[in-house]
Amino acid sequence: MVYFINMKNFLEHKYTFWLILLAAFILRLIPALCALSDESRLFRPDSAGYLEPAHSIAQSATFNTTRRPPGYPLLASAVYVSGLGNKTLVMIQVLISVAVCAVTAAAAETYSGKKSCGNLAAALMAGNLTAIANAPLLLSDTFFALFAAGEFLFFIRYYRRKKTADLFMCALIAAAAVLIRPINQLFIFVLITLIFTISGMPWKTRILHAAASLLIFTAVITPWMYRNYCAGATFDIDTNTGAMRHQNGAMLMAQINGTDFESEKQRLLAVEAETFADTEKFPDERSKEMWRRAEFRKMVLEHPFIYLSQHFTLMILLPDAPTFLENFGITSPDRGTMGVLEKEGIFAAVTHYFGKHYIVILLCLVPLLIPAAILYAASFYQLVKIPVNWKKSFPELLFFLAFAEYYLFLPGAITAPRYQLPALPVLCTLAACAIESMIRKKDEAVPENPAGMDV
């Protein structure tokens, strides 16, 4: 009982928020510094696609590709043009990851109306193993997570206050996020749906707000899409979407053929290379991207139910222990673990990746796995309460679907743990509400100052 009373006081203390951010910074700084001791640990196969155009911007003020959106390369180029390098970029990403904790706290406090919920949500984000592990990686995911948290915050503000400025900021941030990761391109439809579900607002107002949000969103992303089209690509944010043919498509074919992801991926890439050897038929990026998309569409239409079923997987929620260990040089990436996970399950993937010492490694990771376990248990508890009080909790379900499930569903069978990052702010908010409710009930079960009790 004393614990819960003290916990309540701690969560509402004026310095608690800053202590949480300091802890978040330290937790991210340690693996980042270890990764910086060997810069190869900062890179993944996708890193070059972002950093090469960043160097191009810094050296000649040109963006020399249509493969990737410009958001993260612009961030990296701002570092490079200042004469600084990847070490500085990593430190900036550590600070961005800490900023995600702060924005999550603001969103949770706005949603619940309680400072304690905000601090709880920040603490859950601060101790999240996936967020900690991915902060130093030279990829767009941590940067994108900040924008995902921002759009969640401003929509919650709009939901509570009904001010158009908050909605327009949400639409603006969501559109800017598309220029970091194209997965946000469909979010405008989610946002419009949310607007129409808000009660207590005239339909005319909802329609005007939805139309204005669509206009803002389109105005931000269309110029870059037009730029890509003029550069000989498709009218889209990037030309990496076609990679789904040898990524999600490989997962699909592996399940259909009873094979494995890596072999199917190599087979599909070999076919692609042979096809594109005909330079007359495929002279530019546009023709190649259209072929990739058309071929992937055929694969999906031939097996629609299997493809859809691959989107409903909890594997994406696995804490990113591998990346955390790779930051310290304990393990190395690119072992084909994703294919093993999809084909043989989590236990086989764990033993495949960690080797014969997997039990010892997992035991050492327990302190960092506990916050993730608490996060998932508490958010699940908050969600299962929804049917009990349907009318009151319906918005909570919508927020989960819009700001969490959207990001967990779209990657499909490609269950890289870093893809959970944009879903974490709302999960931390739901979990914080559940934990705060438990603490409050415990606190109400005892007198405010029990006789003889030192508080």
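The chain is numbered in sequence order, starting from 1. Scope of the values below: all heavy atoms of this structure, side chains included, with no hydrogens, waters or symmetry mates.
Atom-to-atom distance recorded for F324:CZ and L368:CG is 5.0 Å, nearest 0.5 angstrom. With rounding to the nearest 0.5 angstrom, the CG atom of L325 is 11.0 Å from the OG atom of S332. The CD1 atom of I370 sits 12.0 Å away from the CG atom of L129 when rounded to the nearest 0.5 Å. To the nearest 0.5 Å, the span separating CE on M299 from CE on M253 amounts to 5.5 Å. Taking CG of L430 as the reference point, atom OH of Y381 lies at 13.5 Å (rounded to 0.5 Å). Taken from CZ in R68 to CD1 in I180, the straight-line distance is 13.5 Å, to the nearest 0.5 Å.
With a 4.5 Å cut-off on side-chain heavy atoms, F328 and P31 count as touching. M91 places none of its side-chain heavy atoms less than 4.5 Å from the side chain of L84. Under the 4.5 Å side-chain criterion, counting only non-hydrogen atoms from C-beta, P411 is in contact with I316. The side-chain heavy atoms of Y419 and D141, taken from C-beta on, include a pair separated by under 4.5 Å. Looking at heavy atoms from C-beta onward, I20 lies in side-chain contact with N119 at the 4.5 angstrom threshold. Between L11 and E436, the closest side-chain pair of non-hydrogen atoms is not below 4.5 Å. Looking at heavy atoms from C-beta onward, M169 lies out of side-chain contact with R157 at the 4.5 angstrom threshold. Looking at L401 and V190, their side chains never come closer than 4.5 Å, going by heavy atoms from C-beta outward.
For the pair I198 and K162, the tightest heavy-atom approach, listed with the atom from each and the gap, is CG2-CE, 3.5 Å. Of all heavy-atom pairs spanning I192 and A210, the tightest one is CG2-CB, 4.0 Å. Minimum heavy-atom separation, G71 to F143: O-CE2, 3.8 Å. P136 and L42 get closest at one heavy-atom pair: O-CD2, 3.5 Å. Closest heavy-atom contact between I132 and R28: CG1-NH1, 3.7 Å. The two residues A254 and F261 make their nearest non-hydrogen contact at CB-N, 3.9 Å.
Looking at S437, its side chain never comes within 3.5 Å of a backbone N or O of C433 through a donor-acceptor pair. One N or O on the side chain of S37 and one on the backbone of C34 form a donor-acceptor pair closer than 3.5 Å. With hydrogens and angles disregarded, no donor-acceptor distance shorter than 3.5 Å links the side chain of S97 to the backbone of Q93. Between the side chain of Q310 and the backbone N or O of M251 there is at least one donor-acceptor pair closer than 3.5 Å. Of the possible polar contacts, none joining the E109 side chain to the A106 backbone as a donor-acceptor pair under 3.5 Å is found. The backbone N or O of A174 sits less than 3.5 Å from a side-chain atom of N184, completing a donor-acceptor pair. Checked by atom type and distance alone, the side chain of Y376 pairs as donor or acceptor with a backbone atom of L317 at under 3.5 Å. A donor-acceptor contact shorter than 3.5 Å links the side chain of R245 to the backbone of L268. With E264 contributing its side chain and G249 its backbone, the two residues share no donor-acceptor pair below 3.5 Å. A donor-acceptor pair under 3.5 Å links the side-chain atoms of R160 to the main chain of Y111, judged by distance alone.
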Criterion side-chain contact (heavy atoms from CB on, under 4.5 Å) on T65 and E52, from CA distance to verdict: CA-CA 9 Å; T65 182; E52 287 175 6; over 6 Å; no
Derivation and outcome, side-chain contact (heavy atoms from CB on, under 4.5 Å), residues L424 and T104: CA-CA 9 Å; L424 289 178; T104 300; over 6 Å; no
Check against salt bridge (Lys or Arg N to Asp or Glu O under 4.0 Å), R418 and D46: CA-CA 13 Å; R418 67 178 186 269; D46 291 346; 3.5 Å; yes
side-chain contact (heavy atoms from CB on, under 4.5 Å) assessment of L21 paired with F17: CA-CA 6 Å; L21 293 191; F17 173 72; 3.5 Å; yes
Stepwise salt bridge (Lys or Arg N to Asp or Glu O under 4.0 Å) test for R44 and E326: CA-CA 11 Å; R44 293 296 181 270; E326 289 159 13; 2.5 Å; yes
Stepwise side-chain contact (heavy atoms from CB on, under 4.5 Å) test for D166 and I156: CA-CA 9 Å; D166 292 326; I156 293 300; over 6 Å; no
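Ion pairing of E262 with K265 is absent here, as no side-chain N (NZ or NE/NH1/NH2) approaches a carboxylate O to less than 4.0 Å.
Ring centers of Y307 and F296: under 6.0 Å apart, within the cut-off. You'll find the ring centres of F403 and F187 inside the 6.0 Å limit. The ring of F154 has its center no closer than 6.0 angstrom to the ring center of Y158.
Of the N and O atoms on the side chains of T66 and T239, at least one donor lies less than 3.5 Å from an acceptor on the other residue. In this model, a donor atom of one side chain and an acceptor atom of the other lie less than 3.5 Å apart for N86 and Y80.
Surrounding CG of L363 are more than 12 heavy atoms belonging to other residues, nucleotides or ligands, all under 6.0 Å away. Surrounding NZ of K87 are at most 12 heavy atoms belonging to other residues, nucleotides or ligands under 6.0 Å away. At most 12 non-hydrogen atoms from other residues, nucleotides or ligands lie less than 6.0 angstrom from CZ of F189. The 12-atom threshold is not exceeded at CZ of F380, counting heavy atoms of other residues, nucleotides or ligands nearer than 6.0 Å.
Aromatic ring pairs are classed by plane angle as parallel below 30°, tilted from 30° to 60° and perpendicular above 60°; the pair Y159 and F399 is perpendicular.
Test N128, N327, D320 against N134 for side chain to side chain donor-acceptor pair (under 3.5 Å) and you get one pass: D320.
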